[in-house]
Amino acid sequence: MRYLPHSEADRAHMLATIGVADAEALFAAVPPSALQLHALDLPRHSPELSVEAHMRRLAQANHAAGDGPFFLGAGAYRHHVPASVDHLIQRSEWLTAYTPYQPEISQGTLQMLFEFQTQVAHLTGMEVANASMYDGSTATAEAVLMAKRITRRNRVLLSGGLHPQYRDVVRSYLGEDEDLICLSPSPEGQGDILDRLDDRTAAIVIQTPDFFGHLRDLRRAADAAHAIGALLIVVVTEIVSLGLLEAPGALGADIVVAEGQSLGNALNFGGPYVGLLATRKSFVRQMPGRLCGETVDASGRRGFVLTLSTREQHIRREKATSNICTNSGLCALAFSIHLSLLGEAGLVRLARLNHERANTLADGLARLEGVRLLNGTFFNEMTIALPVPAAEVVEALAMRGIIAGLPVSRLLPGDPSVDNLLVLAATELTTDQDISALIEGLREALA
Amino acid sequence: MRYLPHSEADRAHMLATIGVADAEALFAAVPPSALQLHALDLPRHSPELSVEAHMRRLAQANHAAGDGPFFLGAGAYRHHVPASVDHLIQRSEWLTAYTPYQPEISQGTLQMLFEFQTQVAHLTGMEVANASMYDGSTATAEAVLMAKRITRRNRVLLSGGLHPQYRDVVRSYLGEDEDLICLSPSPEGQGDILDRLDDRTAAIVIQTPDFFGHLRDLRRAADAAHAIGALLIVVVTEIVSLGLLEAPGALGADIVVAEGQSLGNALNFGGPYVGLLATRKSFVRQMPGRLCGETVDASGRRGFVLTLSTREQHIRREKATSNICTNSGLCALAFSIHLSLLGEAGLVRLARLNHERANTLADGLARLEGVRLLNGTFFNEMTIALPVPAAEVVEALAMRGIIAGLPVSRLLPGDPSVDNLLVLAATELTTDQDISALIEGLREALA
Amino acid sequence: PDEPLLFEIGDREHSGVDLPEVEIGEDRLGGFGRRTSLDLAGLTEPEAMRHYVRLSRLNMSIDAGMYPLGSCTMKHNPRLNERMARLPGFADVHPLQPVSTVQGALAVMQQLSDWLMTLTNTAAVALSPKAGAHGELLGMMAIKAAQEARGEGHRRVVLVPESAHGTNPATAAFLGYSVRSIDARADGTVDVEAVKAALGPDVAGIMLTNPNTCGLFEPQVIEIADAVHAAGGFFYCDGANFNAIMGVVRPGDLGIDAMHINLHKTFSTPHGGGGPGAGPVVLSEALAPFAPLPFLRRNGDGLELVEHVEGEALGRITAFHGQMGMYVRALTYMLSHGGDGLAQAAKDAVLNANYIKARLEGTFSAPFGGQPCMHEVLFDDSFLEGTGVTTLDFAKALIDEGFHPMTMYFPLVVHGAMLIEPTESESLQTLDRFCDVMLELASAARAGDAERFTAAPHAAPRRRLDETRAARQPVLKWEEAEGRAEAAE
Amino acid sequence: PDEPLLFEIGDREHSGVDLPEVEIGEDRLGGFGRRTSLDLAGLTEPEAMRHYVRLSRLNMSIDAGMYPLGSCTMKHNPRLNERMARLPGFADVHPLQPVSTVQGALAVMQQLSDWLMTLTNTAAVALSPKAGAHGELLGMMAIKAAQEARGEGHRRVVLVPESAHGTNPATAAFLGYSVRSIDARADGTVDVEAVKAALGPDVAGIMLTNPNTCGLFEPQVIEIADAVHAAGGFFYCDGANFNAIMGVVRPGDLGIDAMHINLHKTFSTPHGGGGPGAGPVVLSEALAPFAPLPFLRRNGDGLELVEHVEGEALGRITAFHGQMGMYVRALTYMLSHGGDGLAQAAKDAVLNANYIKARLEGTFSAPFGGQPCMHEVLFDDSFLEGTGVTTLDFAKALIDEGFHPMTMYFPLVVHGAMLIEPTESESLQTLDRFCDVMLELASAARAGDAERFTAAPHAAPRRRLDETRAARQPVLKWEEAEGRAEAAE
């Protein structure tokens, strides 16, 4: 077997050295009733060429986003990642390195994480960022728990513009909790979470651009929250938007969490992605997750280590700020490389291009009879109301090779008021031809 | 521009340091009439995503071998290359390293070449091998020139079983030369080059398996050649065959040249490939190309260097054995990794599997009415005679997504005796379904 | 070799991505456009290539050498897995595409689930956890949900042996449980009597690692499971060490109710310098109804992804469907090995650990050495007594010999622990070289060559780092002033 | 760090490729089956990964540092090129598939040809040469064929300047020409009068590198071309230095008849440790009929590949159609840069060389320094006089500073030559660091720190190698005895 280095002769030599007759003797502590004597009902080992053929067949049973016009967003975005990013992250020294607990031989990973933390802090306008979370949704849940620890208050308000699955994750993390107030979905960008603030409120959670694509007023929310001693948690699911939108930190956010997938990472049917979490320096000891810090070595040379680990489970065990251990190191690397390649100039150009593409899409949609654009503001994503249920339209267009967007009913089933709503995104990969094909497809589907 | 590190400020600073007003001043030596003042009629620079889209469109305009049943060989073979091979050769330290002229910082490449030379020598049964040639065809031409230098004779006999394009390359390298005797193509494996041997003969060139798939008797050829003071040059275009066939060196070959593409390298529409050249130790100073040798460094540690370079153009200039400089380093690496992964046990299994697949193919073809198998012997390739011109049949099957093999007329046009001949290969990637589809397709095409 | 920081090389103008400057007629930003600087450094492509290639060379990696790391199963990462995960049909698929367009992706999930359930003899599997600790969280959430559904929400205590991974108590505490610690026996395993003594009506269950973190198979695991069940509790098994027993012992046969499986430990997805991982959780019949969303259901010829349900299911613990990229890699690995190969891998992993034990035992002290170990072998620091060399020093000296340090000071149950897990990926040649180095280092330590250890590593990109300074005066991001100061030096 | 040889790790049983053992009823081998051992060492995949990763780490690479190598244009190799070359539509296509199934491949060849002809203002291009030297061979074959067609086969002399690359005289000799050497002027360029003096009815042509190997643009190149043409000869231009002038000067405007273009120097395909390269040759109207097979022809909407022709064409110089993999990479690079970017790259390459010249000139002696250089700058060793340090020593000391040595002792026209070509890929930061290092080394040499140079490199994987021993007692492959002896040590 190609992954197992021992020959039978090697095994015999080793058993003799150990002084046992066979490998089974090494499993003597296993209760006989539990020892597997017969082969499990599983296929036997297989040549690489057969495995590859099998997996390719499965891959071909999917419609890839690049196979046709594509307008899905809703928390995961199709962007162009430079070829050098994927090449670099596949280097053995990045791909197959362990968690950098031994800093002397992990300076590559550690310096990269330090740079990543700096990039995330600059991008969000915050003072500190951690070395990554699993994804945007779990980072949001951790941020909520963090806010409760900081304020020692219990009530949390989730905006109606928060991604419904993010809301569900917060619910699961908090368990049954009457202090968790989830506002109704707000497809028109309406509704005001600020009315619900009171002195028991730990935090309000606002996503911008929100799930329906609207841009939300963070400054006003921060002022209101701070006035009553609550924190503002800002959620960003499309990180490219920060190339064009004001940094949440500059508008008063106390904790910013984000999904970083858009930079460096493929769609991957939902994972792995990379969660970002940034906050004020004064909250650093309540942060979950790994942190990398600068120091010096015994010769006085600059170096980096994982630090403040007294927050973490492997030191503090049940007193840790979170149970998180493995995070998204390689995805953070991809994010960091892509963002280094963009730089400030490139990210701004990319964001402008996304906005321009979305403008073109919005203008096209607005001209369609029977279709109403719900957004007064957006970055690269928007919601339209169709005269018929959106799910049917999406299914019909999929048959023609067009992935038209997200029918809101998929994430908010059982709410007839959203049945006709469709959320669509455009990115730098969206061509004029894609938009024409969509418009044409919608026109026919609605005829 | 993403590949150019200078900003305009950088350029201005550098021009000031140099003391010129603008970049044009640095081109003062160019005759004004030749200086390009206007932009050439070429597209302007383009984003990665646009270039990628353009190249993908071109790629999609080709039928890839993996898109359907595939039976082409004729000097280039479709084999399965383990994923680790391509991964490894893309490591920066292999991919972007220079020719190992500075051995202190090139031991990776040099040790690999030393291992490659050993592998090629063992595989061919010869005493020494060089560090690669461009491909099998140019290696054949170089071998012919080498034989002429060694024997100081002029006449060269090319077997009728030699790949027609290899024959053409030898012709080009030798120029107009009445001492170059090219025997007629021998689709039935007939014809005996040995009758033409005389004491002016420097070498006879025999390919096995030959262009039509027949296995040729090397021992008899070697004995006859040696008896009259000539050399035997053996050409192998399918290197996998040596897993199952006797080593040419064990049968008396003086020079063995081969195309190494089958191991580690993709079809690549014909290139880059990797030529192998192995010979007797006594001929080493007449070999073309780079050689890597073992030595020690100033601390006495084992190390490797390019050696015997007094044969080469950069030292000997017009007295060199060849003008070859750059060879096929990275393809040789891919070959060497693939062969290391196979090892003796794996190569034998691979060769057996190829032969078994070819047997199945031959048995299937033999049952087809109107089709005659010309081969009594073969490894993984064979020739059949059809009742109609083969080119038409191949074209018809291509329309159905089946690449049926090579119509001999493509390489030997104007020879009506070969018009109906088709050369087909099978490899480990040929499935029973592929063979059935071919047989069915042939049956219908011939009906 | 020093590599400057990104912010010391790049600046706000340089970029390695060419994109058109577009005209935007009227923006739709509602006045929320950016006014503050992004202050991001950019690199052209040649500069970026150098920076990340050079940085990478400061890292150790499994491709370059052995990681004898207990509890972390650093095995070979096949490159076929990487190639498969990058097929556009997997990598370029959006999680919210119509289900009719992602049947291949769902088939991957289904097949992976089938393998995991067969290997563990369990009733259900929740794929979505993003890592092992996330799987623990999910498993304990399922236990909590099941007990609340039974009206037993008052069970607020979780039993955790002393030797457990830190994630175990952290997870329990995260969900509001209090942790009751169970002592180990002198032989390093858990006593069923100690468990029974700790059980009671307030106990929700036990979190047990098996094989345990001392590298031993818990011989009374079935009795422990029975006792916990009899007391109305659930058995959460930490699956970090599943590599020792895959294909050889099915955890379901031991009575577990939930167990996470680290695809990045057991099923060869790469560690990536700290993730991404994936931590699917297998569940017993009793817990199956409390599996989180989403899950798969057969629907005629196709597969359906259940994303909403009324009733018992737990909700979701992450957006979308989990770590698809890791599922592809793990399934590719499983198909490559086959059931027979996985069992052989487990046996080789155990063989390798016992071979190291046999070769080192005369010199190193194995506190629980009277029995075969499983896939990892535990030594204490008694062989270093009086040398002035600590376990940490000894481990750092391994770096100079080309090996990653073993796991140190864990588990907490022995003094100066050294936990060594070679995995099945290491050849006899490598194991012998490792053992030779270990023995030579032990001789050197006892011969009084303390400087070799206390100042180690000598040959690494850095000497030992000042961790206290890092924690006392945290510098968590690059500050321009610092860069200037350094540049001026 | 030492890495054992493959044959010291692997053996005949181990394999990293799983394949079924098949039954072969009756073989068709006609008695030619193998009887002797293959004696090939095999490695399992984890062992192979380690071996080749560790070996690679003994190499310098352009991704890790600057190669200031004159005449070898080591520029950045974009990874987009690698990705494109691996698309199945390019990599998994057989050269002899029906032409109807490879229209995309032919379009790549057509587009690449168009770019090359536009950049050079020439009439035809032969793509098939496998490397620069192969292109030289083809170009000189075309010249020979053209003269034979004119009945001038008696022209048996080729003029070659002293400063030429070794491949030039080797190529001429390979085709049976005798070489007549042309001296350089004091300013490093070729004198049209010297060429005129050497011309005669026996002269087939001239092989000239422009910009030349002293890094200078030949100011009289047009006069030289005219003189050669007037004498009935052809002008072969060595295109190794095309990077200096692409998009800025079209060689066709200078009167060249044939010029090879190194796709692996000028158009960024990777060097790969010594190939594969690609050396397409552009041809003037006069030589176009002598282009070798195969070539492309438009045929209605599609492209036709001409593989056979009656009459003038040269035949073929390689099987199949040349280095398709390199064509894809080069075309991808051209499209990325565009015509504007290529010209900017040439200007930056020249700017970088002149910047180095300006920064070093006070300390280093530039023999032809009175004029701007092109993309490379030439120094001699007069600054080392009396230091006991040679050019070689000086170059090896660069290794310890993280740079590849410059080209040394070439061209032959100056004493102790150091030829430095930074290319356009190097940033100002890197150039400054390189210049700082060069100046510091020069100070050190003159301060008498000879040991730093004569024993250099100190920090590389190896000290200097004994090349004499390698050549006197050649060991060109691994012998088992040696392995045993080493193992016993």
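Not measured: the values here are computed from a predicted model. In the text below, chain A, chain B and the rest are named by the order of the sequence lines, each starting its count at 1.
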Enquirer: Quiz question: by atom type and distance under 3.5 Å, do the side chains of D/Gln97 and B/His63 form a donor-acceptor pair?
Expert: no

Enquirer: Tell me, side chain or backbone of B/Phe70 under 4.5 Å from chain D's heavy atoms, or both, or neither?
Expert: side chain

Enquirer: Taking side chain as everything from C-beta outward and backbone as N, CA, C, O, which of these in B/Pro43 sits under 4.5 Å from a heavy atom of chain D? Side chain, backbone, both or neither.
Expert: both

Enquirer: Any donor-acceptor pair under 3.5 Å linking the side-chain atoms of B/Glu115 with those of B/Gln119?
Expert: no

Enquirer: Quick check on B/Leu88 against chain D: is it the side chain, the backbone, both or neither that has a heavy atom closer than 4.5 Å?
Expert: side chain

Enquirer: Counting only heavy atoms closer than 4.5 Å, note whether B/Cys292 contacts chain D via side chain, backbone, both or neither.
Expert: backbone

Enquirer: With a 4.5 angstrom heavy-atom cut-off, could you sort out which part of B/Arg290 is near chain D: side chain, backbone, both or neither?
Expert: side chain

Enquirer: Report which part of B/Leu35 has an atom under 4.5 Å of a heavy atom belonging to chain D: side chain, backbone, both, or neither.
Expert: both

Enquirer: Check each atom of B/Ile403 against the heavy atoms of chain D and say whether the ones under 4.5 Å are side chain, backbone, both or neither.
Expert: side chain

Enquirer: Side chain, backbone, both or neither: which part of B/Ser340 has a non-hydrogen atom closer than 4.5 Å to chain D?
Expert: both

Enquirer: Side chain, backbone, both or neither: which part of B/Leu339 has a non-hydrogen atom closer than 4.5 Å to chain D?
Expert: both

Enquirer: Contact part of B/Ala28 toward chain D, heavy-atom cut-off under 4.5 Å: side chain, backbone, both or neither?
Expert: neither

Enquirer: Counting only heavy atoms closer than 4.5 Å, note whether B/Val20 contacts chain D via side chain, backbone, both or neither.
Expert: neither

Enquirer: Verify, without hydrogens or angle tests, whether B/Asn62 (side chain) and D/Gly104 (backbone) share a donor-acceptor contact under 3.5 angstrom.
Expert: yes

Enquirer: What part of B/Ser322 gets within 4.5 angstrom of chain D, counting heavy atoms only: side chain, backbone, both, or neither?
Expert: both

Enquirer: Given that the side chain runs from C-beta out, which part of D/Ile222 has a heavy atom under 4.5 Å from chain B: side chain, backbone, both or neither?
Expert: side chain

Enquirer: Is D/Leu254 in contact with chain B via its backbone, its side chain, both, or neither, using a 4.5 Å heavy-atom distance?
Expert: side chain

Enquirer: Taking 4.0 angstrom as the limit, do B/Arg78 and D/Asp92 come out as a salt bridge?
Expert: yes

Enquirer: Quick one: list whatever passes side-chain contact (heavy atoms from CB on, under 4.5 Å) with B/Ala298, sequence neighbours left out.
Expert: D/Arg463

Enquirer: Where the side chain of D/Asn59 meets the backbone of B/Gly108, is there a donor-acceptor pair that is under 3.5 Å apart?
Expert: yes

Enquirer: Name all residues meeting the side-chain contact (heavy atoms from CB on, under 4.5 Å) criterion together with D/Glu21; count only those two or more places apart in sequence or in a different chain, and write none if there are none.
Expert: B/Arg349, B/Arg352

Enquirer: Does B/Phe304 offer a backbone N or O that forms a donor-acceptor pair with the side chain of B/Gln107 under 3.5 Å?
Expert: yes

Enquirer: At a 4.5 Å cut-off on heavy atoms, which part of B/Asp217 comes close to chain D: side chain, backbone, both, or neither?
Expert: both

Enquirer: Can you check whether D/Trp478's main-chain N or O pairs, donor with acceptor, with B/Thr118's side chain at less than 3.5 Å?
Expert: yes

Enquirer: State, without any angle test, whether D/Glu467 and B/Thr307 hold a side-chain donor-acceptor pair at a distance under 3.5 Å.
Expert: no

Enquirer: So for B/Val305, is it side chain, backbone, both, or neither that comes closer than 4.5 Å to the heavy atoms of chain D?
Expert: side chain

Enquirer: Quick check on D/Pro88 against chain B: is it the side chain, the backbone, both or neither that has a heavy atom closer than 4.5 Å?
Expert: both

